[in-house]
Amino acid sequence: MKKLTYLFLLAQLLLLGSLNAQPYKPSAGIDAKVNALLAKMTLDEKIGQLTLYTTDWGSTGPTIREGYKNDIRSGACGNLFNSHTVGFVRELQRVAVEETRLKIPLLFGFDVIHGYKTIFPIPLGEAACWDLEAIELSAHIAAAEAASAGLNWTFAPMVDVTRDPRWGRVMEGAGEDTWLGCRIAEARVHGFQGKKLGNTDAVLACVKHYAAYGASTAGRDYNTVDMSERFFREYYLPPYKAAVQAGAATVMTSFNDYDGVPATGNKYLLTTILRNEWGFKGFVVTDYTSMNEMVNHGVIADEKEAGELSLNAGVDMDMQGSIYQRFLKQSVKQGKVLQKQIDEAARRVLRLKFELGLFDDPYRFCNEERQNATLLSADHRKAAREVSRKSIVLLKNDKNVLPLQRNQKIALIGPLADNKSELIGNWNGAGNADDCVTVAAGLQGWSLTHVKGCDIEGSDKSGFDAALAAARNADVVVVAVGEKAMMSGEAASRTDITLPGVQEELVLELCKTGKPVVVVLMNGRPLAIPQIAQNATAILETWWLGTETGNAIADVLSGAYNPAGRLPMSFPRSVGQVPVFYNERSTGRPYNPDSKWTSRYIDEVNAPLYPFGFGLSYTTFSYSQPTATVSFAANDASKRYPKSPVTVQVTVTNTGKMAGEEVAQLYVRDLVGSVTRPVRELKGFQKIMLQPGESKTLTFTLKAEDLGFYRRNMTFGTEPGEYDIMVGGSSQDVKTVRVRLEK
Ligand code: GLC
C-alpha cells in the first residue's frame, strides 16, 4: 500500500512540475512562447499582467495600494513602478519568479525623465541645444544608469507640445514647435531603447501623455482640452506619431479629455489612430489612476464601467487604479468585455517582457557591480557637462560683457548662486542634489565675493544692502535667480510667470549700481522678465541643468564654451500675452503697429520678449540670400517624385572674432491654402561650427510632407501655389525666397 502511495505522490509531483515548467521550447519564437504561456494562464493571472502598482518607495500620486508584495505573490500584480536599485528590485523579482505559479517576471518602471543618477538638463532645457545627437546621448546615458539599477521601463519621453508657460509641465517637453518636437521625440526614443531591447543599457520607452495634454485650458494642469481635429492632427499629434514610428514600446494615456472623451477611454485615440492608422504594436498604460478619474470626468457612472470603457478603447495596463484587478473578471462574466481582449492585452505585455530577456534571466538588470560602475561615472558627468552647456541660451550680451575676464572681481549674488537643492529640477529620478556642482563651485578660482541677497520666495529684502555693497566693490555682478525646482513639473501651474519673491527687485537694484550685471536664470518655464531684459547687461537662460550645473555655467561665463542654445519656446512679455508663439496664422487683420484696427492689444505689443529659435553667440553670423529649386508637382506628392522636391541653399558666415556654432533654421509659409496656414513653420535646421571669417553653404531638402497639411477636405497633402522659404538664426530673423508649386 505504502509503495502505491509513494508512486501516486511521485506522479503528482511530476505532473505539478510539468505543469509549472516552462510551457514552451527555449528555441521557439517569442510569439509562440507568449501563446504557449497564455494558454496556461488563468484569467486572474492574465489580469495581473495588466496591473501596475507603485511600491511604497516614492509615489507620484495619491497611493491607493499597500501590500504590493502579496499582490505579486498571488499573481495579481505583474508590474511595479517607483522601485529601483539592484537590491530592492532583486528581492521583488525573486518573489515573482520563485513564489508564483508561473514565475512570470515583473516589469520595473520609473520616471527617468532627464537622467537617473547623473541628472541632465530638464527636457525643455535640452531642447534648447538643437543637437539631436546630444539629446539621444543624454537619453541613452539615462537608460544605461536606470538599467544598471534594476529598471527596464521609463515613463518618457514626454512629447506634449505646448504654447502655455503657465503649465508647469512645459519643463518635461520640447517646447512649442511640432516639427522640432518630432525630431526630439525620435532622438529620445532611440536613446532610451538603444540598439536592442534586452541590452543592459536599454529600457522600454513610454511616449506620453497621449494626447494633447499640453493644451490644458488656461495652462491649468489636468484641465480640459478642446480643439478642432484639424488643429489636433496638424499641431499636437505628430510628435506622438514620430515617437511610435521611432519604435516606442509603450504609450501612456493622458489625464485630459479629447473631443469630450477622456484619453484613457478614447477609442478614437487608442485604437483608430494609434493602432489602425499608425500600426502601434506595443502596449498602452494609463496615467496614474487616470482610469478611475473618468468617474470625475463624468463619462461613466462607476469604476467598473471605467475599466470596461478603457479596455474596449484599447488600454492594456491600469496604473495604480486597481480597476482591472477588482472588476475585469466580473465584466467578462457579464459580457461587457471579451476574454480575447484581455488575452490580447496580456499578449502585448508578455511579448515585451520576452523581448527584454526577462524570461531568460529575470535578474539581467540586477548586477551590483554594473550598477556601481555605471552610476555617476566620470564619463557620464562629462557628457552631462557637455549637454548642459549646449542647453544654455545667451539672451543678451551688451557691451560684450561676456565672456568674463579672468582678472575681474566678481560679486556673485542671488539665492541660486550657491544652491544645490534646486539644481536637479523636478522629475529628478534618483538624482541627489549633493552630487551637484553649484555656480559658486563652478567659479572656484575666480575672484569671488558671494552674497545671497534674498530668498527665491518671500518679501525679505534685508540682504539687499550687503549684495549692493559687494556689487559696488566688484568689476562685474553675476546674479543667479529663478524659480524653485518644484514650481514647474506636474501639478505646478502658475498664473504669474515672473520671478518669484523680490528677486527682480534685487536685480534691478544691482543694475542701478552702474556695474555690469550678468543675470543667470534658473527656471522650468519661460518667464516674463521685461524689466530685467531692459536693464541687465547680459542674460543667460540656464533652465535646470542638473548635476553639472556650475561647471556648465562657468564654461559659458569664462568663454571656454561659446553658447549656441536657441529657445524652444517663446518668452512672453507678460502672462497677458499667453499663449504667444511664432507659428501663428495671419488673421484677417494682421498686426499693423500704425493701425488700431488690427489684431493687437492696446497695452502691449504682439511680439514676445524673446521669440522661438532665438539665442545669441559670442560671435556674429550673416546669411546670404537663400536660393531654392522645386522639382515636383503639388498635387502629386507621392513616391513617384524625387524624395527632396524642394532644395534650398544658403551661405552662412561667421562675421565675428570667435569660433562659434550657429543654428540655421528653415521655415516655410504656404501663402494661399484651402485653409488658413501659419505665417511660418519650422521644417529644418542645421547646427554648424564656423571659425572667425569662415563661410559654409548649407543645403536643405524639403520632402513633400514638409509642405503638406490637412486641406479643407481633411485629406493630408500639398496644394499648388506660392510658398515662402525662410532661413535664418531665429523664427523672426530670416531671409526669404519665394517658390511656386505647379499643379
Ligand atoms: C504622474 C504623471 C506621469 C508619470 C506617472 C507615474 O501622474 O502624470 O507623467 O509618468 O504619474 O509617475
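Atoms within a ligand are numbered from 1 in the order they appear, just like the ligands themselves.
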Give the atom numbers and elements of ligand 1 that come within less than 4.0 Å of a heavy atom of [X].
X	value
Glu490	1 (C), 2 (C), 7 (O), 8 (O)
Tyr288	7 (O), 11 (O)
Phe155	6 (C), 10 (O)
Phe255	7 (O), 8 (O)

Please determine if [X] has a nitrogen or oxygen closer than 3.5 Å to a nitrogen or oxygen of ligand 1.
X	answer
His209	yes
Lys208	yes
Asp111	yes
Asp287	yes
Glu172	no

Taking atom types as modelled, is there a side-chain donor on Ser322 or Arg326 under 3.5 Å from an acceptor on the other?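 Looking only at side-chain atoms, Arg326 and Ser322 do form a donor-acceptor pair, the distance falling under 3.5 Å.
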
Just checking [X] against [Y], ring centres under 6.0 Å apart?
X	Y	value
Phe81	Phe110	no
Phe155	Trp427	no
Phe255	Tyr222	yes
Tyr235	Phe231	yes
Phe612	Phe581	no

With a 4.0 Å heavy-atom cut-off (strictly under), which part of Gln320 contacts ligand 1: side chain, backbone, both or neither?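 Under 4.0 Å from ligand 1, Gln320 contributes no heavy atoms.
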
For ligand 1, is any non-hydrogen atom under 4.0 Å from Met158's backbone (N, CA, C, O), its side chain (CB onward), both, or neither? neither

Using heavy atoms and a 4.0 Å limit, tell me yes or no: is Phe110 in contact with ligand 1?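 It does not, in that no heavy atom of Phe110 comes within the 4.0 Å cut-off of ligand 1.
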
Name every donor-acceptor pair, under 3.5 Å, that has one atom in a side chain of residues 140-150 and the other anywhere in the protein, sequence neighbours excluded.
from, atom 1, to, atom 2, distance (Å)
His140, NE2, Asp201, OD2, 3.4
Glu145, OE1, Lys117, N, 3.0
Glu145, OE1, Thr118, N, 2.8
Glu145, OE2, Thr118, OG1, 2.6
Glu145, OE2, Leu376, N, 3.0
Glu145, OE2, His380, ND1, 2.7
Ser148, OG, Glu145, O, 2.7

Would you mind writing out the side-chain donor-acceptor pairs for residues 119-130 within the sub-3.5 Å range, not counting sequence neighbours?
from, atom 1, to, atom 2, distance (Å)
Glu126, OE1, Arg188, NH2, 3.3
Glu126, OE2, Ser138, OG, 2.4
Trp130, NE1, Arg566, O, 2.9

